There are 2 protein chains.
Amino acid sequence: MPPLKLPPDSLDLAQILKASGVKATVQRLEIYRELSGSMQHPDAEAIYRGVRRRIPTVSLDTVYRTLLLFLKLGLVSSLRLPHERIRFDPNLTPHHHLVCTRCGRVQDFTHPDFDALKVPEAAQSWGVIEKMQVEIRGQCERCARQTKPGRSRSLIQTKEEPK
Amino acid sequence: MPPLKLPPDSLDLAQILKASGVKATVQRLEIYRELSGSMQHPDAEAIYRGVRRRIPTVSLDTVYRTLLLFLKLGLVSSLRLPHERIRFDPNLTPHHHLVCTRCGRVQDFTHPDFDALKVPEAAQSWGVIEKMQVEIRGQCERCARQTKPGRSRSLIQTKEEPK
DNA sequence: TCCTAAATAGTAATGAATATCAGATAGTAA
DNA sequence: TTACTATCTGATATTCATTACTATTTAGGA
C-alpha cells in the first residue's frame, strides 16, 4: 500500500485505488465524489447523507471505513485524527504543536518565524479571532522506527497513554 | 463570567475563579495543579488519575466539567475542541483553517506568509513530518453576533451541521 | 453559624467511531 | 463467459470518550 499523494480528480481515482492494491468499488468512488464536491469539510455523517441519495443501501460503517482508508492512503486529510481525545494545555503563551499521528503524543515547539505571523485580514473579516497556532503532524522518531507502514485501520492507537 | 486570560500561577487561581463568579473548590484547584504540572498535554482521564491520588473520591465527571469550565474561562486551551467530530478535507494543496469554536464550521484560507513557512529543524529531529498547517480559532461572524457570552457547557454545539 | 446557590459524586445515558461476520462483489484466470 | 477467491459491504452489536442527571454536599456571603 504505497503512499500515493496525488490530488485525484475523481476521474482517475479508480486507477489510484487499484494502484494502491484496493478495489475501486462504486461506494468508494461515490464517497470520494461526495467529499471532493464539498467545501464544508463534512463529517462522516454528512457524507453518508449525501451518498445515500445515490446509493440508498450504503451503510454508515462503509462510509467510515472508506474515509479512514482514504486517510491512510493520503488521498484526503482530516481536521482531527481518529481516536484523538481531548487534550488540555495549560500553556497560554504562544507556542505550537508537534503531533504524532500514531501514538498521539504532543510536543511543544516555538520558533521566531512562527511567532512573527500576523493574522491575515481575511481572518479578521471572518469573525473574532481567539488564537492562532501551527500544528505539525507526523510520526515521532519512536513510532517511525517501529514497523514502517501503518497497518492499523485507524491512525492513532491510544493504548500507550500520556505519562 | 468575564473572560480573564491571565496565565495563572496556581497561587492566585482561587482569586481568578472568584473574580469570574465561580467557586474555588479544592477539586478545581487540584485539577488545575495537576494539569499545570504536566508537559504532556494530558487528557481528562490522565488528569483524573493524578488528582485521585490526592482526592480519592473525585469523579471523572467533575474533571471533565472543570476542564471545560477552565476552557470557557480561557484559563487553559485544548488541542481539539469538545464535541468536535472528525471532518474530512479533500484539499491536499497547502492551505489553512479558520475554525469556529461555537458552530464548528471550518473555512479555508491561504496566505503567502503562511506558505513561506519552513519546518523548523527542531521538528525534523522530532520525527518524520507529514504536514504543517495553521489553525485559527475564533467565532465566525454569525456566531459572534448571537448572544455574546458562550453560555453552553461545551464549546461546540453540533446541532447545526455542515451543509 | 446559618443559608442558599452552586458544585460534587455516583451513575446512567449518549453518540461517534469500531469491530464482527455472513453474504455480496470485483478482478483475475481459464 | 464462467468460476474462483480475496476483498468489500451491510447490518448489527459493541466500545469507549464524553455528557447528562440527581440527590447530596459545600463554598462563601449574611
Side-chain angles (χ1 to χ4, degrees), chain A residues 1 14-15 17-31 42-49 51-52 55-72 78-88 104 152-159 161-162, chain B residues 1 13-15 17-31 42-49 51-52 54-73 78-88 104 151-159 161-162:
Chain A
M1 203 180 296
Q15 274 71 40
L17 289 175
K18 288 181 194 169
S20 302
V22 300
K23 293 181 179 173
T25 63
V26 285
Q27 289 87 343
R28 287 173 176 172
L29 297 178
E30 287 302 328
I31 287 167
D43 56 26
E45 192 76 39
I47 294 169
Y48 175 55
R49 288 196 300 271
V51 170
R52 210 159 38 158
I55 311 178
T57 61
V58 76
S59 77
L60 179 59
D61 179 57
T62 295
V63 173
Y64 269 107
R65 259 179 303 164
T66 301
L67 291 168
L68 295 179
L69 172 68
F70 289 169
L71 252 191
K72 201 159 57 176
S78 65
L79 281 264
R80 46 155 285 213
L81 295 167
H83 273 143
E84 188 181 39
R85 41 185 100 165
I86 305 181
R87 286 161 176 271
F88 296 89
S152 71
R153 170 169 166 181
S154 54
L155 298 188
I156 286 192
Q157 290 98 7
T158 32
K159 284 317 140 201
E161 251 317 286
Chain B
M1 205 180 295
L13 177 62
Q15 274 71 39
L17 289 175
K18 289 181 195 172
S20 301
V22 300
K23 294 182 179 175
T25 64
V26 287
Q27 289 87 343
R28 287 172 176 174
L29 297 178
E30 288 301 328
I31 288 168
D43 56 27
E45 192 77 38
I47 294 170
Y48 175 56
R49 286 196 300 270
V51 169
R52 210 163 34 163
R54 301 185 198 148
I55 311 178
T57 61
V58 76
S59 77
L60 180 59
D61 177 56
T62 295
V63 173
Y64 269 105
R65 255 183 298 122
T66 301
L67 290 168
L68 295 179
L69 172 69
F70 289 169
L71 255 191
K72 200 159 58 177
L73 295 177
S78 66
L79 281 265
R80 46 154 285 214
L81 295 167
H83 274 141
E84 188 182 39
R85 43 184 99 163
I86 305 181
R87 286 160 176 271
F88 296 88
R151 287 283 173 231
S152 72
R153 169 168 167 182
S154 54
L155 297 188
I156 287 191
Q157 290 99 6
T158 33
K159 284 318 138 200
E161 252 317 288

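The chains referred to below are lettered A, B, ... by the order of the sequence lines, with proteins before strands, and numbering in each begins at 1. Computed from a prediction, not measured in an experiment: that's the story for all the values here.
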Whole angstrom value for the distance that separates C1' of dA26(C) from CG of L17(A) = 13 Å
query = Just by distance, do the side chain of R80(A) and the backbone of E84(B) share a donor-acceptor pair under 3.5 Å?
reply = yes
inquiry  = Considering every strand and a 4.0 Å limit on heavy-atom distances, what is the contact class for Q27(A): base, sugar-phosphate, or nothing?
reply    = sugar-phosphate
note = Closest of dT19(D), dA17(C), dT20(C) to the P82(B) side chain is dT19(D)
inquiry  = Side chain of I86(B) only, heavy atoms from C-beta on: which candidate in dA9(C), dA17(C), dT7(D) is closest?
reply    = dA17(C)
inquiry  = If you assign each of K23(B) and A44(B) to its closest nucleotide in DNA chain D, which residue comes earlier from the 5' end?
reply    = A44(B)
Comparing L60(A) and V63(B) on DNA chain C - which has the more 5′ nearest nucleotide = V63(B)
ask   = When the distance from CG of L79(A) to P of dA17(C) is rounded to whole Å, what number comes out?
value = 12 Å
inquiry  = If you compare all heavy atoms of F70(B) against all heavy atoms of L17(B), which two are closest, and at what distance to 0.1 Å?
reply    = CE2-CD2, 4.1 Å
message = Suppose we define a pair by two distances each less than 3.5 Å, Watson-Crick or G-U wobble; what does dT25(C) pair with here?
response = dA6(D)
query = Rounded to whole angstrom units, what separation is found between the CZ atom of R87(B) and the P atom of dA16(C)?
reply = 12 Å
query = For I47(A) and dA17(C), what is the distance between atoms CD1 and P respectively, to the nearest whole Å?
reply = 11 Å
task = Could you tell me whether the phosphate oxygens of dA17(C), OP1 or OP2, come under 4.0 Å of any side-chain nitrogen or oxygen in R80(A)?
result = yes
ask   = Hey, is the side chain of T25(A) poking within less than 4.0 Å of OP1 or OP2 on dC8(D), counting only N and O atoms?
value = no
key: Name of the residue among I55(B), V26(B), I47(B), T25(B) meeting side chain to side chain contact (heavy atoms under 4.5 Å, CB included) with I31(B)   = I47(B)
key: d(CG, D61(B); P, dA7(C)) in whole Å   = 13 Å
Candidates dT18(C), dT25(C), dT9(D) - which lies nearest the side chain of Y64(A) = dT18(C)
key: Salt bridge present between R87(B) and D43(A) (N-O < 4.0 angstrom)   = no
task = Would you mind reading off the distance between R65(B) atom CZ and dC21(D) atom P, rounded to a whole angstrom?
result = 12 Å
task = State which of dA6(C), dG10(C), dA26(C) makes the closest approach to the side chain of S59(B).
result = dG10(C)
task = Round to a whole Å and report the spacing from CD of E45(B) to P of dC16(D).
result = 11 Å
query = In whole angstrom, what separates L29(A)'s CG from dT25(C)'s C1'?
reply = 14 Å
ask   = Which atom names give the shortest non-hydrogen contact between V51(B) and E30(B), and what distance separates them?
value = CG2-O, 3.8 Å
query = A24(B) or R28(A): which one's nearest nucleotide on DNA chain D is closer to the 5' end?
reply = R28(A)
